[in-house]
There are 2 protein chains.
Amino acid sequence: MKLGGERAERADAARNRQLLLNTVREMIAEAGVEQVTMDGLAERAGLGKGTVFRRFRSRAGIFHALLDDDERAFQERVLSGPPPLGPGAAPVARLVAYGRARIRFLLERHAVARAALDRNQPIPAGESTLSQIHLRVLLGQAGLDVPDVDSLAVQLTGALEGPILLYLSVPPRTDDARHIARLADSWQLLIERLCRPAAPERKGQAGQEG
Amino acid sequence: MKLGGERAERADAARNRQLLLNTVREMIAEAGVEQVTMDGLAERAGLGKGTVFRRFRSRAGIFHALLDDDERAFQERVLSGPPPLGPGAAPVARLVAYGRARIRFLLERHAVARAALDRNQPIPAGESTLSQIHLRVLLGQAGLDVPDVDSLAVQLTGALEGPILLYLSVPPRTDDARHIARLADSWQLLIERLCRPAAPERKGQAGQEG
DNA sequence: GCAATAAGCGGGGTAAAGTCCGCTTGCGGT
DNA sequence: ACCGCAAGCGGACTTTACCCCGCTTATTGC
């Protein structure tokens, strides 16, 4: 019985996928992300190179898959863990908590996250839409009076993940850790200012450019 | 006559640098960024491959240099052009104008900007610090009451450039343009909310996570 | 001019990503 | 149990970024 036209993944394929993921984790632990090559991975796993590329379409795809694994656990904490990261706290508090947790998450997986960036693919790290969707929902719950919550969510995702994915050096310099703590505080400030109610005063302030 | 211990760039080197930049511009115009290879560029410029790598340390370095060129002109407009992008307008208005102009700038050079991202180097697009420094200065002038303007500037740079550098597909899909306009509006909203004065009311709102 | 020298130059060599295509094999149907 | 076949597999092949190192040439002091 096949289900809905979609053939299930073959047993050997599933086995090899797991084998490859385990192997790549070992290689990263031993020698770092930089040293992982497709040939090396294939050989170490006792498989052909074609197999590796079939499973993960590119080198970046491997790290993407690796990140997806961890991302699932993270998502679990967000969706059903204790507040303020999980449900039960006020939206603004959850936004702050999410940012802090996300910064930490990405920092701990920094090398992998950067390796998951693909020069030819738009979406970078493991289902980056996770952040975007979650921010989108919480912003909505916060009852912000803004015309376009979606775009704001995109932008805040950039504010949250951009610095780590783009500007951080890949063997982190010693003072990077301090930067991170400051980024987390700064995120909290940004969110709280964004969400706080308007001053009752009625002087209009505007900026424009064509 | 040599100046200050630093040997000036040799005449032939400078000529070749310019030749290479022109050649790469031609190649991009004819066939797109993707089709630019180091061998092809060297051959077309009538130079050796080693020369190309000596001038721009990597493939990304070429596009970085290309972007730097344009960036200089952009910086000119920011430092001494007409307001609100140039000096003379209120800081908040300039922040808004800068964001709009920067989004447009990056969008127009999207393919090059993405090609300038280097998997092994932290700093991405042509002197990305330009945005960071400028935002930093304007935030200071806006007289924000925040403890750490530097981190905020880093984060806003991410908000501004991250979406374009990370999430936008490289042959832009048709509806990407609409996204861009929305991003610009959203940027304005973000800045204005961030900079507006606090409501006088004293109800504290806070969020925390360890 | 001329020698000394350091920078620039060239192109063959290496390594690693990604492609191709014929062979093999698990799987579902009978 | 057997058959047909779509999916999986492997590894040679191609492409391309990047390295190396001996040769060439612009520059500077005499």
Side-chain angles (χ1 to χ4, degrees), chain A residues 1-21 23-24 27-28 31-66 114-121, chain B residues 1-21 23-24 27-28 31-66 112 114-121 170:
Chain A
M1 147 180 54
K2 73 174 141 181
L3 28 116
E6 279 295 300
R7 202 99 156 206
E9 188 181 40
R10 246 165 69 167
D12 52 351
R15 202 169 352 105
N16 284 341
R17 160 191 236 88
Q18 207 50 52
L19 170 63
L20 284 168
L21 285 179
T23 306
V24 84
M27 293 178 75
I28 291 176
V33 168
E34 301 291 315
Q35 298 304 315
V36 175
T37 73
M38 303 303 260
D39 289 303
L41 172 58
E43 187 180 3
R44 177 146 173 179
L47 299 172
K49 198 163 34 155
T51 306
V52 179
F53 276 94
R54 162 167 294 266
R55 294 258 64 92
F56 316 97
R57 309 182 32 119
S58 64
R59 187 187 129 99
I62 293 181
F63 299 107
H64 186 87
L66 229 44
R114 268 194 73 99
L117 292 174
D118 190 335
R119 200 160 69 255
N120 308 321
Q121 291 287 122
Chain B
M1 127 185 65
K2 71 173 145 182
L3 28 118
E6 278 295 299
R7 203 99 156 206
E9 189 181 39
R10 247 166 68 167
D12 52 352
R15 202 168 352 103
N16 282 342
R17 160 191 234 88
Q18 206 50 52
L19 171 62
L20 284 169
L21 285 179
T23 305
V24 84
M27 292 177 77
I28 291 174
V33 168
E34 301 291 315
Q35 299 305 315
V36 176
T37 73
M38 303 304 260
D39 290 305
L41 172 57
E43 187 180 4
R44 176 147 173 180
L47 298 172
K49 213 182 346 179
T51 307
V52 179
F53 275 95
R54 162 168 293 265
R55 292 258 63 93
F56 317 96
R57 308 180 34 116
S58 65
R59 187 186 132 98
I62 292 181
F63 299 108
H64 186 86
L66 227 47
V112 174
R114 267 193 74 99
L117 291 175
D118 191 335
R119 197 159 73 257
N120 308 322
Q121 292 287 119
V170 46

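Sequence lines set the chain letters: A, B, ... in the order given, protein chains first and strands last, and positions in each chain run from 1.
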ask   = Base, sugar-phosphate alone, or nothing: which one does A:Arg15 contact when heavy atoms must sit under 4.0 Å apart?
value = nothing
ask   = Looking across every strand, which nucleic acid part, if any, lies under 4.0 Å from B:Val36 by heavy atom: base, sugar-phosphate, or nothing?
value = sugar-phosphate
Specify the separation, in whole Å, of atom [atom1] of [X] and atom [atom2] of [N].
| X | N | atom1 | atom2 | value |
| --- | --- | --- | --- | --- |
| B:Leu47 | C:dA7 | CG | P | 20 Å |
| B:Phe53 | D:dT16 | CZ | P | 12 Å |
| B:Lys49 | C:dC9 | NZ | P | 17 Å |
| A:Glu43 | C:dA16 | CD | C1' | 14 Å |
| B:Arg59 | D:dA17 | CZ | P | 5 Å |
| B:Leu19 | C:dC9 | CG | P | 10 Å |
| A:Ile62 | C:dA17 | CD1 | P | 8 Å |
| B:Asp39 | C:dT14 | CG | P | 16 Å |

Distance-minimising heavy-atom pair for [X] and [Y]:
| X | Y | result |
| --- | --- | --- |
| A:Phe56 | A:Gly61 | CB-C, 3.9 Å |
| A:Ile28 | A:Leu66 | CD1-CD2, 3.6 Å |
| B:Leu19 | B:Ala45 | CD2-O, 3.5 Å |
| A:Val36 | A:Met27 | CG2-CB, 4.1 Å |

Please determine if a side-chain N or O atom of [X] lies less than 4.0 Å away from the OP1 or OP2 oxygen of [N].
| X | N | value |
| --- | --- | --- |
| A:Thr51 | D:dG8 | no |
| B:Arg55 | C:dC9 | yes |
| B:Thr37 | D:dT16 | no |
| B:Arg10 | C:dG8 | no |
| A:Arg54 | D:dG8 | yes |
| A:Asn16 | D:dG8 | no |

note = When the rotation axes relating C1' atoms of four end pairs to the next four are compared across the helix from C:dG1-D:dC30 to C:dT30-D:dA1, five pairs an end, they differ to 10° by 30°
ask   = Are A:Leu117 and B:Leu117 side-chain neighbours, meaning at least one heavy-atom pair lies under 4.5 Å?
value = no
query = 5'-most contact on DNA chain D: B:Ala11 or B:Gly50, nearest heavy atom basis?
reply = B:Gly50
ask   = Would B:Ile62 and B:Val52 satisfy side chain to side chain contact (heavy atoms under 4.5 Å, CB included), going step by step from the backbone distance to the final call?
value = CA-CA 9 Å; B:Ile62 292 181; B:Val52 179; 4.1 Å; yes
ask   = From C:dG26, C:dA17, D:dC18, pick the nucleotide closest to the side chain of A:Asp12?
value = C:dG26
remark   = Sequence neighbours excluded, the answer for side-chain hydrogen bond (donor to acceptor under 3.5 Å, both in side chains) partners of A:Arg17 is A:Glu9
message = Test side chain to side chain contact (heavy atoms under 4.5 Å, CB included) on B:Arg59 and B:Met38; report intermediate values, then the result.
response = CA-CA 7 Å; B:Arg59 187 186 132 98; B:Met38 303 304 260; 4.1 Å; yes
